[in-house]
Amino acid sequence: MAAVLRGSRNLWGRSLKHVDFTLVSSRSMASKTQVGFIGLGNMGKPMAKNLLKHGYPVIATDVFPESCKELQELGAQIVDNPAEVADQADRIVTMLPSSPNVIEVYTGPNGILKKVKKGSLLIDSSTIDPAVSKEMAVAAEKMGAVFMDAPVSGGVGAASSGKLTFMVGGVEEEFTAAQELLTCMGANVVYCGAVGTGQAAKICNNMLLAIGMIGTSETMNLGIRLGLDPKLLAKILNMSSGRCWSSDTYNPVPGVMEGVPSGNHYQGGFGTQLMAKDLGLAQTTATNTKTPVPLGSLAHQIYRMMCARGYAGKDFS
């Protein structure tokens, strides 16, 4: 398997010889030129708003027109489909729910690649199967464009405050060009390697996040049933060895913290259905690489049960 993967990486490197990187870099580094943004959901909208705040003209679209209204009021140009975005912008960011959505937006009848300009830089911040990222990169390369995967961590709060972490996979020569845009939306922009490695890092992170959230929830529930005040328990955990992001930044118990979904009936944030999807990606890649992930597998089952019991649209906490 390792030899096959090494061979595929070499093939990918050879295929990129057809792309004019000088053209890509010169366009993508042109300061404050128009940027396309596709996907204005809970994460995409605040990300696009931060591009506007940094002075970039934004041309955007979303499958749900009502999602575009706020951005339009802030000065963004709204068009009907991804192809129209690609026709007017040579730097495009996409933020979509799943692999099928990404395939449709890039290669569908009204997709980006129908009108993409030669030399365009395409940055996908969706969390999807690494294999799909590689497929999109090959398809973009055939059109003379460069595709990079740049999934994010940090949630809606970090998206709003511009403090996301981006995990970037793609041509190293184009990382600086991508970084120019991504630093407008994030505090950390990390180059991971070839196309697909950004997705790999994100999948690993979210598997750990799910396991940590389940552990925090069980711990808080046990403490409450033992008579501990939840705020006191959280305080103790966060000054002790059990401290983690789920306990000190995104606590799952209502009333413990302000400004998190648990304090708002679990509305907003990162949906349970999306977490189940990401854990499914982790399971697939674990199977393909023959990697044992028993806790990740159990977390996947737990989040699937939550979806089946009607919590799919609620925050994963």
Side-chain angles (χ1 to χ4, degrees), residues 27-79 82 85-86 88-97 101-102 105 112 120-127 147-170 174-192 198 201-202 205-206 245 249-250 259-261 264 267-271 274 315:
R27 286 186 177 180
S28 60
M29 290 301 291
S31 182
K32 308 304 183 185
T33 57
Q34 188 162 244
V35 177
F37 205 105
I38 301 169
L40 301 174
N42 288 339
M43 294 293 291
K45 185 182 295 182
M47 290 168 66
K49 287 168 68 175
N50 279 323
L51 285 173
L52 286 169
K53 289 177 184 177
H54 280 80
Y56 288 93
V58 171
I59 176 170
T61 192
D62 190 275
V63 68
F64 299 108
E66 60 272 18
S67 298
C68 303
K69 291 180 181 179
E70 183 180 358
L71 210 64
Q72 188 172 30
E73 291 171 356
L74 293 173
Q77 179 184 351
I78 304 301
V79 295
V85 173
Q88 299 185 52
D90 59 14
R91 293 183 293 178
I92 300 172
V93 180
T94 52
M95 185 52 144
L96 305 161
N101 298 120
V102 170
V105 162
I112 292 170
S120 291
L121 178 63
L122 311 175
I123 303 172
D124 180 41
S125 288
S126 317
T127 300
F147 175 99
M148 303 185 82
D149 59 305
V152 304
S153 179
V156 174
S160 299
S161 62
K163 295 182 179 179
L164 290 167
T165 292
F166 286 89
M167 293 151 271
V168 184
E174 291 308 315
F175 175 64
T176 300
Q179 192 175 31
E180 179 199 352
L181 293 179
L182 299 181
T183 51
C184 297
M185 302 177 281
N188 303 294
V189 182
V190 183
Y191 180 69
C192 299
K202 174 61 188 293
N205 178 78
N206 273 24
W245 187 84
T249 303
Y250 211 81
V260 296
N264 187 35
Q267 299 297 320
F270 184 57
L274 292 176
D315 179 73

Between CG of Leu164 and SG of Cys184, what distance do you get to the nearest 0.5 Å? 12.0 Å
Does Ser126 reach the main-chain N or O of Pro97 with its side chain, forming a donor-acceptor pair under 3.5 Å? no
Here the gap from Leu182 atom CG to Asn50 atom CG, rounded to the nearest 0.5 Å, amounts to 12.0 Å
Do Leu181 and Tyr56 make a side-chain contact, defined as non-hydrogen atoms from C-beta onward lying under 4.5 Å apart? yes
Thr61 side chain to Val79 main-chain N or O, any donor-acceptor pair under 3.5 Å? yes
Is it true that a side-chain atom of Lys49 and a backbone atom of Leu71 form a donor plus acceptor pair closer than 3.5 Å? no
Do Ser120 and Ile92 have side-chain heavy atoms sitting under 4.5 Å apart? no
Side chain Gln34, main chain Ile59, donor-acceptor under 3.5 Å: no
Give me the one residue out of Leu122, Val102, Val85, Asp124 that meets side chain to side chain contact (heavy atoms under 4.5 Å, CB included) with Ile38. Val85
Side chains of Met43 and Phe270 in contact at under 4.5 Å (non-hydrogen atoms): no
Measuring from atom CD of Gln72 to atom CG of Leu40, what distance do you get when rounded to the nearest 0.5 angstrom? 11.0 Å
Just by modelled atom types, is the Thr33 backbone N or O under 3.5 Å from a matching donor or acceptor in the Arg91 side chain? yes
Taking the side chain as C-beta and beyond, is there a heavy-atom pair between Met185 and Phe166 under 4.5 Å? yes
